[in-house]
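Notes for the one structure printed next.
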Amino acid sequence: MQVRLEQVTKTFAGSKNTQATAVKELDVTIASGKLVGLLGPSGCGKSTTLFMIAGIHDVSEGHIYFGDHDVTALPSDKRGVGIVFQNYALYPHLTVWDNIAFPLLNAKEMKKRLKQRFAELSPPMANFKAYIQRLVEEAAKLVELTAYLDRKPAELSGGQQQRVAIARAIVKNPSILLLDEPLSNLDARLRVQTRDEIKRIQKQTGITTVFVTHDQDEALSICDEVIILKDGVLQQQGPPQEVYDHPANQFVAEFLGSPQINLVGGSIKANKLYLGNEEWFALPESLSDQPVNIGVRYENIRPDRENRKQAFEATVTSIARTGGTSTVQVRLADGQPMRLHRDSDDVLQEGDRVRLYARPRTVYIFNAEGEKILQC
Amino acid sequence: MQVRLEQVTKTFAGSKNTQATAVKELDVTIASGKLVGLLGPSGCGKSTTLFMIAGIHDVSEGHIYFGDHDVTALPSDKRGVGIVFQNYALYPHLTVWDNIAFPLLNAKEMKKRLKQRFAELSPPMANFKAYIQRLVEEAAKLVELTAYLDRKPAELSGGQQQRVAIARAIVKNPSILLLDEPLSNLDARLRVQTRDEIKRIQKQTGITTVFVTHDQDEALSICDEVIILKDGVLQQQGPPQEVYDHPANQFVAEFLGSPQINLVGGSIKANKLYLGNEEWFALPESLSDQPVNIGVRYENIRPDRENRKQAFEATVTSIARTGGTSTVQVRLADGQPMRLHRDSDDVLQEGDRVRLYARPRTVYIFNAEGEKILQC
Amino acid sequence: MKTQFARKFAVYLLLTIAVSLMLVPFYWMINTSLKSSVELLRTPPTMIPAELRFQNFLDALIKAPFLRYLSNTVFVAIAVVAVSTAVTVLAAFAFARLRFRGKTLLFFAVLGTMMVPQEMLIITNFMTVSKLGWMNSWQALIVPYCINPFNIYLLRQTFKQVPDELYLVSRVDGVSHFRYLQKVVLPLSKSSIVTTMILSTIWIWDSYAWPNLITTDDGKRLVSNGLQNAFTSDTGRIQYELQMAAATMVIVPLVLFFLLLRKYILSGMDKGGLKG
Amino acid sequence: MLKKKAARQARYDRSAYLYLLPALVLLAVFLLYPILNTFLTSFKNEYRFLTGEFAGFGLQNYADIFKDATFGRAIINTLFIAFVCIPASMVAALTISLLLNAIERWQGFYMTLFYLPQVTNVIAAGLVFAFMFNSNFGLVNTVLGWVGIDPVAWIKGEGIAASPKLYYEAYARCLFILFVYTVWQGISLKIILFMGGLQNINKQYYLAAKVDGTSSWRIIRKITLPLLSPTTVYVFITSVITAFKAYAQVISLFGSHYGPPGDDSKMMITLVGYMMDAMGDYLTPGSISKASAAAMILVLLVMLVTIVQFKLTKKRVHYN
Amino acid sequence: GGGNGAKGEAGASGALEKAVQAVVTDKKDVTISFWTSTGASNLPFLERMVDDFRTQYPNIKVDFSAQGRVDELAKKLTQNIVSKSTPTLSNLDASTFPEYIDSGAIVDLQPYYADGKIGFSGEEQADFYPIYLDEAKSFGPEGTLYGFPTNKKTTDVLVYNKTYFDGKGWTAPSTWDDVVKDSQTIKDDTGKPGFSFDNSYGDAAFKLMSQQWGSPYVAADGTADINNDATKDALAFYKGNMTKGYFTMPALMPSAGGKTSSNGFVMEETYMYVGAAAGVPFAIPNPKAGQKQFDLGVAPVPQKDPAKPVALSKGEDYAIFANATDEQRVAAWLLIKFLSGAEENADWLINSGNLPIRKSMLEVPAYKQFLASDKSDPKKYYMAAAVKAALATPMTYDKVTAKSGDIATETGNLWESVMIGGGDIASLLSQAAEKVK
Ligand SMILES: Nc1ncnc2c1ncn2[C@@H]1O[C@H](COP(=O)(O)OP(=O)(O)OP(=O)(O)O)[C@@H](O)[C@H]1O
Ligand SMILES: Nc1ncnc2c1ncn2[C@@H]1O[C@H](COP(=O)(O)OP(=O)(O)OP(=O)(O)O)[C@@H](O)[C@H]1O
Ligand SMILES: [Mg+2]
Ligand SMILES: [Mg+2]
């Protein structure tokens, strides 16, 4: 199912007669069957957007469509979405099993659909209860909770609780799945595993899925598209690699990429790009003279072994190894810092003078307002 | 302050007369003034350990020492620790300001200490209230919440709530700081920033800090030491790079490192290591013949351009670009998969046959029980 | 450690003192119920009956058809508790959770009815009931008790404390309001619901004027009427020892009822499934 | 704009009326209708209950009431119960509840004991209080004797009609007895309600505060009480409303003439007492409507007080 | 409201005859309901009488039930009048009658009383103590009989400590002067007040004494007449003796409290009191309860002027409700008549201590035997003594009015206020008179 937000705005009435606009005139289309990541800094309106799609928050202005259907006024129980809350929202009095089975057993629509599916089952199963049991167990297995089905939420660790919430959302096979930071409390292994599993389920069933995350790795590795918000305003939407490679503005460039992109001051003078005071390369387009910020990602800066013309000089100030790679900190001629990545076993030493280069197409040029004015 | 756990065990009485051992005979010493990361899969007992240190959970067996002082029976309010709960535990009826100021204004000990510090302030401040105000504001600024001081928790986003909890723990400058996944809901930028800030504060004040995280990057980049648990049992303790480079067993090797370490089946025959069926290299030590698991990290596998003897052949099956690097999936001669990292702009193609090698000292050999039997 | 103990001790001591003070009338009731009519008149009164006269209980039972009154009361109480709990829960849920027009107004109407003295309503209600032809009927004893604004207010207050997220997630899952009420709100609000049930029961147990007015048939009397009427002589003198013996017997079911439900009152609202 | 409004409307839960239906029907029949009837009756002059005849509508009944000095006394006494006795019994109940909440062992046992007065027979309670304040051998005087205080004649009316000083002394003593009785009477239920409320507070908050080294007293003040506020407001509002309807306790303590023997001013009368007296006189024309007028004034007063309470407490009540 | 009454009058005799024919002759089945305020201890005796009636009239089904104290019963009746669901027959307090009559809620019994077939013969009518019928006749207008005396009649008597009196060589005082004289000696002798007057009915002392002193209490036109010199004198008399410590009140006795003197009396906190005849058993001392053993004496109430004795009757009367059909009325009347039978009442009177309402009752052997009880059964003995004392003085009644209840409350309060509170007699009297106007 396609989800379309049309000029959607959400304003909260604060406790002291103040108003907070959490989402502003958001225009976004989420194509049917896609897995879309919602990214942005804390407090940018991700959860709010999700809640509006789910029908939990009223839309202050604008419209939301599921397919061709305007659901703006549709109550949440009629929207047929599945959701994982950022704070889990498990039923505290129910066991894990009951929590997962809750939507199956207690939603009329759902039950009808399940009964039908049960009837069409091949090979057929003996009874409906066993079918439910199987569904719950499958979901539990997926999130590795099979051993905990009898426990109450209070007896689970944080990550285990989160997994129950995921199982509960997935078990009902919704037509739209909304996940609010579903993996934030999981360890790396389980995280990768669960996200791959979500991806698999999503692919298999074609559920349109919106996925809030603050982890770009996650976003970049499983999402078909990402939507990037800042202060409730849409910044960019597109396939993750596309957005990564072609950030729409300085914010996106800075936000995506870990470690953060290198940003150094520079300027355009007579259609030439200056890195600090040093001339770097000539621009393919003509742009007015102005001070600019130049963004280059770590991995796009390499030692220049071929003596390229466009290389620039720097001094290694420190080297930090993290896991398999080293982060090398260098200083440009005018003192601006920059970082690059090298393999851990590279032979650079502190104090070395190196020549570095980056291909022009990996260099983003932003004006003073943070708008991207050029990427070759 | 040094924290020492001696044979600490924690057993929960479950709801149905069952017993769950969350932590088992844990022997750990956290050196004074260190920042220690507590790692392990979800449900392995991290929070439980933290709660026992804080005095929130009673210890079922064993002893906990702060310095030379046995605190096992000391109530939590006498322990002088600061804590961030995994689920924040913000006071719902108080504003952000009040939440942060809560420990400053409501603990007698604390207030006494603050008054003293206030008296010794240079330059001196006009009144104590202003001093508190300043402390709260500093903490709020640190977590970028200055604009939200008047709000109640319910009016904050998930990440904002988490930041309040961090500010509340940090503001009181505790002698031991316990953080339970304090950054799980923050976006990458804020995450890096906050963790650096925590590191800075920790360094500056010398607070012994225990830090639960599921993010190894985090652990590896800021922790002085990491402690790795599995099912409540200590697996390894040591400086992060040390643990990364010299995992004590297969579990640790698998757990640390993202993406996960390559593990391929092999065997030892006549003191030679076989990768699948292919002979790889001779072992420097003599070991009995046995089937083994061989672990090699992604970044330690490289295309062999120098035609080394110890290289092995593989076929590229797929290439996935994520951000700045590509993950290359290859198949060994006997069909076992392996992955390696390359720069995104490497020229490998699917179907290419490549020769790969890894230095022997980056190769871990585990026996069938998952114990490490050799790392050259 | 020492202060810890001293503190605990002080708490128990205070509670014990408070409990003793509270229980004086209760003790007096039992004390009186075991005295002979002769000893009852002794001045100053004896603190412990010189001779425990359990005969009083038998006498009380013989004097009035107490078992009948008691079973009547139990029947009415069960009916009232069942119906009024249903009515109250539904209304309280609507007030606590649902959105509808006129909510504030209706809620204030409910609150408003709490303010009118019950005694004033009896006159009109008597007319209503007699017009309905309910005189001397079980309905007349049951139906008017099935609405209690105090309980609606109490439950609304409790229901409001169930975390919003639980409601939201069940709505998103397509769970109907009723199901949500049944499966989530009720289990989480056990303690308050049980409290209202106990209050309703006590209400029935203690109510005197209305049942007295509406029943003229001895077969439908409730215990409170029995208590008042059975032990009063024509000269207005009351046989206290019998009355107290009867009173003691009458409250036994209430105490048992409370003991049975006590653990629910102390169960509280589980909030373990939420972060934040 | 129009469209937006339509959207809003659709978000109303229509089924709400279904949920309310049984309650509203019963409410209308057994509460609202009688209230309306009372309201009408209060304006009927010379209303004769038996025949329903009356001499037109008017404010005569209200005028009569306001001319009556007894009515003023009823208001004062009622306010005393509502705003002196009730707060005191709330504080006592809250204190006991907090103590109860602080213990684990025996908690249920103590709860049960505290609950017993709630089921104790009203007559037994009345008897025991009369006995407790008996001037010769009452418990209170006995205890006072232990600490060397002379016995006090608690419910004593000698000479009070002749001497204002004696009258007010007697009045003060009666108020004291009423105070003790009212506090005692309401405490059980309040403890039950408070305990329910306390159990609903997430223990996590206590943990967080405890780790910070917050003293128990501070925790109570800064966390327990604010989070208990919905219960407290409920208890307060309903207790005050109940207090305004106080009647049985003054009757059981002071008899149907509302005072010590020798007093004919009905010094301890309450609003409902006033109403009941008028109602008790139901055969006298005009009497029932006078009672109705008193009831309406009572309702008006309670409503006023309740609204003020709501306004005052609204900001302080915390729901999650 | 008066519809029923009007109909009753229009076709009175014809309808009555028809109904009598149906019930008595044709033995047509008819069901009546009968409510009583009789307390639990005496109820079985009344029940037995009703049972006897049922046996005698198998075609009349009687729903008999006790409905609590007389004031509760009255409240209930009033409600049921409004909702037109009254019982057929009930007993009522005298003060209830005027308003019930006024609103046509009850039936005039005169036609039944005088009926040739079911009424009372002249001889039978003369058998009743006239006071009771006169009082019933006084409820309504001239010539009507809206009530009919029940068998629950009593009056106040003087109870005294006979052992003490015998010790002094005294007999029971018959005048107030005697009472004062004896009290003075008692005071000097024991330091205790000699006399107390129950105020369990609130207004009893006020009513009795003011009338003995010559106040009309209720004027001929039915209005209250209490603010007069006679009343003032009576009050001043009692008050004066209280000040001297000769007289007391129940509320002032340590052991009594409340409104009855008997508890103080058995503790010898006083030596005489005036109270209800039926309450005499409570004045018997019980050594097991730590009380000193002494004998009682029971005498008629003291008088101001023995030549013009005043003693007040207390009790209830039957009424038949207008709601009832003609046949039910006849049946109810038959029950009333049955319940006033002499033989029938013996057990009731013996056990309840109430006064006989017919002279012939005194002749019933069982009752005769009761009156002759000796001390071996102290309770019976003293109850009989109380009956004898009560019968010794001719009784009177006060005409009831719609305001009777008010007057009683006011004067009751006034009495306490004067005697205990020390209030000023004149001003309190004028206030009270104002209030009951
Ligand atoms: N109150 C409890 N009763 C029973 N079992 C519990 C309780 N609390 C925790 N456990 C169990 O103890 C184990 C350890 O829990 P703990 O909360 O320490 O895990 P954790 O390492 O913090 O995990 P996570 O990363 O998911 O938060 C888990 O398996 C959990 O289910
Ligand atoms: N109920 C509310 N009342 C007022 N403001 C609110 C409310 N809920 C959210 N906000 C504000 O709206 C903004 C967006 O909130 P939202 O929860 O959507 O953020 P988010 O993107 O999900 O952040 P996070 O990653 O921290 O969860 C925040 O600044 C938040 O403070
Ligand atoms: Mg969020
Ligand atoms: Mg945890």
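Computed over heavy atoms, backbone and side chain alike; hydrogens, waters and symmetry mates excluded. Per chain, numbering begins at 1; letters A, B, ... match sequence-line order. All figures in this text were calculated on a predicted structure; none of them were measured in a lab.
Figure legend: cation-pi geometry between A:R168 and A:Y91, with NZ or CZ positioned under 6.0 Å from the six-membered ring centre and within 45° of its axis. The cationic atom of A:K10 (NZ for Lys, CZ for Arg) lies less than 6.0 Å from the six-membered ring centre of A:F12 and within 45° of the ring axis.
Of the possible polar contacts, none joining the C:W203 side chain to the C:I198 backbone as a donor-acceptor pair under 3.5 Å is found. Within the 3.5 Å criterion, the main-chain N or O of A:E181 finds a donor-acceptor partner in the side chain of A:Q162. A distance-only check finds no donor-acceptor pair linking the side chain of C:S84 to the backbone of C:C146 [under 3.5 Å].
Residues from residues 177-194 of chain C that place a non-hydrogen atom less than 4.5 Å from a non-hydrogen atom of chain A comprise C:R179, C:K183, C:V184, C:P187, C:L188, given in numerical order.
Applying the side chain to side chain donor-acceptor pair (under 3.5 Å) test to residues at least two apart or on different chains, the pairs with a partner in residues 42-51 of chain A are A:S42-B:R163, A:S47-A:Q86, A:S47-A:D180.
Options A:N106, A:L178, A:L104, A:N99 differ in how many heavy-atom pairs under 4.5 Å they form with chain C, and the most are formed by A:N106.
Looking at A:Q133 and A:E137, their side chains do bring a donor and an acceptor atom within 3.5 Å of each other.
For A:L156, no part lies near chain C; criterion is any non-hydrogen pair under 4.5 Å. Contact annotation for A:K172: only side-chain heavy atoms (C-beta onward) come within less than 4.5 Å of a heavy atom of chain C.
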